[in-house]
Number of protein chains: 2
Amino acid sequence: MSDIKPIYLQKVKQQNMANILQTIWEHEAISRVELVELTGLTSGTITNLTQELIQWGLIRESETSQGSVGRRRVMLKYHTDRHIIIGLDISRTTFEIVMTDLMGRVMKSIEGNITGISAPEQVLDLIEPHIQSMIAYANLKGLPVLGLGVSIPGPMDKVNGHLLSPPNFPGWEGYPIKDVLVKRFGLKVFIEDDARASALAERWFGLGRKSQDLVFVTMGMGIGSGVVSKGELVVGSNGLFGQVGHMTLVPKGSVCACGNEGCWETLGSIPGILRRWSGGDTIDAFFHAVHQGDKLANECLQETLYYLESALITLFNIYDPDVIILGGKLYPYLSMYLPEVKAHVKSRVYAFAQERLRIEPSSFGTSQNAIGAVALVFGNLLKGPLQVLTQ
Amino acid sequence: MSDIKPIYLQKVKQQNMANILQTIWEHEAISRVELVELTGLTSGTITNLTQELIQWGLIRESETSQGSVGRRRVMLKYHTDRHIIIGLDISRTTFEIVMTDLMGRVMKSIEGNITGISAPEQVLDLIEPHIQSMIAYANLKGLPVLGLGVSIPGPMDKVNGHLLSPPNFPGWEGYPIKDVLVKRFGLKVFIEDDARASALAERWFGLGRKSQDLVFVTMGMGIGSGVVSKGELVVGSNGLFGQVGHMTLVPKGSVCACGNEGCWETLGSIPGILRRWSGGDTIDAFFHAVHQGDKLANECLQETLYYLESALITLFNIYDPDVIILGGKLYPYLSMYLPEVKAHVKSRVYAFAQERLRIEPSSFGTSQNAIGAVALVFGNLLKGPLQVLTQ
């Protein structure tokens with residue numbers, strides 16, 4: 001092994017560290033002996049690398065007594081409060097910034113309205129002081145900020161770090177948001193579209209601890225998704241994997257902004273529901289009418305639920321996830337119908353799939369995107385710890 | 001590095017070999033110097049491992065002269081004719097066995113009819129002598145048989161190597177096909193469902209050389225798919241990823257065998273077309289009527305093409321592939337309409353996606369599944385060469 005290059009050794013070291021961090025994450029607390037077994041690394045490597053991770057402040061030792069004789073074992077756990085992660089969610093009308101510990105637990109959060117502000121620079125001017133004050137807090141406490149995660153409306157160009165052609169989001173097309181944020185804050189910046197960020201929130205801090213294959217569906221002004229398969233976000237050839245709002249659901253249906261006709265988004269998004277109802281301008285008005293017993297509104301609701309069920313069955317059949325998680329601005333209005341939706345979906349899938357079928361609400365409510373932005377940083381840390389930790 | 005375990009070294013060696021084999025595959029012919037650059041391995045490692053791969057007979061040296069001065073360079077290529085791979089396709093009514101070289105080039109192929117034979121043992125009794133004679137040929141020529149790849153109707157239980165509940169395939173449910181074949185032939189056996197095997201045929205020997213993200217759609221008695229993302233077959237949580245025939249395409253449509261209603265398969269498969277046409281019993285009769293100008297048949301065809309287009313748009317939006325490849329027993333009847341289908345699909349996707357949209361016919365015609373079975377072995381060789389090469 002004497003002819004191994006330093007760059008290759010560094011790569012192997014990072015892979016081994018990633019392996020250790022991932023294994024600790026899966027087990028929450030684990031001994032070095034178990035790490036040797038589970039990672040396939042030698043005890044010498046485990047000793048060296050865990051020591052280094054302890055020095056980085058990422059993990060810590062914790063003693064537990066075990067069995068009746070009280071034998072003490074040293075376990076390794078994440079050291080959750082030695083680093084800060086900042087998550088930023090920019091939507092079409094609002095922003096949210098969260099400052100969290102390593103595990104996405106929120107220490108501070110700030111929300112704001114950006115309705116009517118279409119210049120990205122102006123939006124960032126509003127956001128900047130909040131992030132600067134979080135960075136200042138971290139500096140004061142001596143806590144390194146691991147990175148700034150960002151959730152924005154998709155689709156986006158991952159290679160160049162800018163937005164492609166987000167519908168209803170004028171001014172942002174082609175804006176080099178990643179470069180600008182790096183320059184403004186001097187932090188490592190990671191960007192993902194909102195649906196995928198939401199999926200990552202579940203993957204690392206929510207239901208994903210037990211599900212390596214999940215689909216997060218976000219329903220609001222549009223309908224999108226993030227798909228995690230074997231623990232990895234699936235991105236597709238052009239970074240556009242999971243545009244589930246644009247599945248064809250009705251033949252010769254209404255024309256969608258994407259160019260297709262009969263897309264689920266034209267039927268089941270907030271604008272889609274209001275268009276089919278044609279009884280008012282807001283989703284609040286629609287559900288008010290539903291709850292007042294209005295006949296047309298209730299028919300429209302039943303149709304909406306039927307489309308949702310049909311789309312969910314399609315998602316089960318094409319993505320084969322452990323669980324489908326529902327979120328977005330529309331979801332709170334629909335949550336009371338979830339048991340009914342589940343029962344109908346169950347009655348329309350393969351018999352052998354009925355038992356395993358799971359449909360769950362999102363774990364982080366209105367902060368899903370911002371927590372997802374944090375999860376994006378965390379996921380990058382676990383995949384390439386040295387890249388995130390070093391400047 | 002003195003504390004590395006032998007088992008870990010073996011794992012690293014296999015990874016490095018896989019890295020080398022994959023890189024040679026991508027470049028077809030490559031020098032050792034280029035291998036050092038592209039793999040990140042040292043020249044010492046490259047020298048040792050390529051030497052070993054040459055001894056295995058997997059790769060060979062080839063001299064080329066370059067430029068006007070005729071400087072000679074030693075290039076590494078696959079040694080295609082030093083190993084045999086056997087591919088077996090079992091469908092509901094037929095079987096096909098191909099014997100190929102390392103790159104899936106067919107040296108011998110045998111087809112047979114198994115209509116009406118529902119006992120798996122009887123089917124295998126019919127197949128066995130053909131495979132035995134291929135093995136005998138390989139032994140005679142001194143060519144190792146790398147493995148037996150098998151393509152069967154899905155869905156299947158990958159963990160236990162048996163079929164789950166294949167529709168219209170009585171007698172096979174739960175049959176431990178993998179164990180039986182290992183016992184009968186003493187070869188390494190790899191099994192995949194037919195749609196995925198077809199996708200692998202493209203991934204390794206067809207359009208996949210230039211597309212790391214592809215979807216193979218097979219249309220026949222049913223409709224299924226195999227999805228390759230970043231070069232890897234996506235399998236899903238239960239090995240059921242890509243059941244595209246069961247996307248909902250028509251609200252409140254006909255009930256499907258899967259339990260859903262309005263599935264694409266109920267509309268666009270051979271039985272789906274015949275049911276909607278209700279003018280005859282065979283697909284030949286249907287297309288005969290179409291070509292005779294029969295009005296109802298032509299209406300039904302137009303509807304069929306519309307469903308196909310709608311489904312293809314859904315596939316583009318949810319899987320974001322480089323290319324969708326169409327195959328299966330129905331495809332030859334539809335191939336003359338492909339330009340029209342492409343044009344319609346193009347008019348119904350995002351403007352920025354129109355240029356990159358590709359829909360292509362399958363590369364291996366009626367032998368797609370059998371070649372896919374071969375590709376399955378080849379893919380396993382590239383991923384874990386030592387596991388496939390050693391007993």
Side-chain angles (χ1 to χ4, degrees), chain A residues 1-5 7-9 11-12 40-45 155 164-165 211-213 225 229-230 234-252 258-263 306-307 310-311 313-314 317-322 347-353 356, chain B residues 1-5 7-9 11-12 40-45 155 164-165 211-213 225 229-230 234-252 258-263 306-307 310-311 313-314 317-322 347-353 356:
Chain A
M1 304 292 283
S2 60
D3 61 346
I4 293 177
K5 285 190 216 171
I7 190 171
Y8 184 68
L9 274 182
K11 201 175 133 192
V12 170
L41 299 170
T42 61
S43 53
T45 305
L164 266 174
S165 57
S211 302
Q212 296 282 298
D213 298 80
S225 86
S229 176
K230 303 286 163 239
V234 190
V235 295
S237 169
N238 301 276
L240 297 169
F241 196 98
Q243 303 275 325
V244 301
H246 303 289
M247 67 168 76
T248 315
L249 216 49
V250 166
K252 312 275 180 190
C258 76
N260 191 17
E261 50 196 41
C263 286
Y306 181 81
Y307 292 135
S310 301
I313 292 163
T314 297
N317 288 329
I318 60 177
Y319 290 141
D320 186 26
D322 286 325
S347 73
R348 285 169 62 189
V349 296
Y350 280 113
F352 62 81
R356 64 177 176 82
Chain B
M1 302 294 282
S2 61
D3 61 344
I4 292 177
K5 285 191 216 171
I7 190 171
Y8 183 69
L9 273 183
K11 202 175 132 193
V12 169
L41 299 169
T42 61
S43 54
T45 305
L164 266 173
S165 58
S211 303
Q212 295 283 297
D213 298 80
S225 86
S229 176
K230 302 287 163 237
V234 190
V235 295
S237 169
N238 302 277
L240 298 169
F241 196 98
Q243 302 276 323
V244 302
H246 303 289
M247 67 168 76
T248 316
L249 216 49
V250 166
K252 313 275 182 192
C258 77
N260 191 18
E261 51 197 39
C263 287
Y306 181 82
Y307 291 135
S310 301
I313 292 162
T314 297
N317 288 329
I318 61 177
Y319 290 142
D320 185 26
D322 287 325
S347 73
R348 286 169 62 188
V349 296
Y350 281 113
F352 63 80
R356 62 177 178 82

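For the numbers below, each heavy atom of this structure counts, side chains included, while hydrogens, waters and symmetry mates do not. A note on names: the letters A, B, ... follow the listed sequences, proteins ahead of strands, and every chain is numbered from 1. Keep in mind the model is a prediction, meaning the values are calculated, not measured.
- Heavy-atom distances place no part of B:S225 under 4.5 Å from chain A, backbone and side chain included.
- Both the backbone and the side chain of B:K252 come within less than 4.5 Å of a heavy atom in chain A.
- Contact between B:Y319 and A:F241 at its shortest, heavy atoms only, is O-CD1, 3.1 Å.
- Residues B:T248 and A:M247 form no side-chain contact, since every pair of their non-hydrogen atoms from C-beta on lies 4.5 Å or further apart.
- If you measure heavy-atom distances from A:P321 to chain B, the contacts under 4.5 Å come from the backbone alone.
- Scanning for side chain to side chain contact (heavy atoms under 4.5 Å, CB included) contacts around B:V349 gives B:I313, B:V345, B:A353, B:Q354, B:L357, with sequence neighbours left out.
- Closest approach of A:N317 to B:H246, counting heavy atoms only: ND2-O, 3.0 Å.
- The heavy-atom pair separating B:Y307 from A:P251 by the smallest distance is CE2-CG, 4.3 Å.
- Among the candidates B:I318, B:L249, B:V244, the residue making the largest number of heavy-atom pairs closer than 4.5 Å to chain A is B:I318.
- The residue among B:S237, B:G236, B:G259, B:C258 with the most heavy atom pairs within less than 4.5 Å of chain A is B:S237.
- Between chain B and the residues A:D322, A:L240, A:V235, A:D320, the largest count of heavy-atom pairs under 4.5 Å involves A:D320.
- Scanning for side chain to side chain contact (heavy atoms under 4.5 Å, CB included) contacts around B:S229 gives A:V234, B:D213, B:V234, with sequence neighbours left out.
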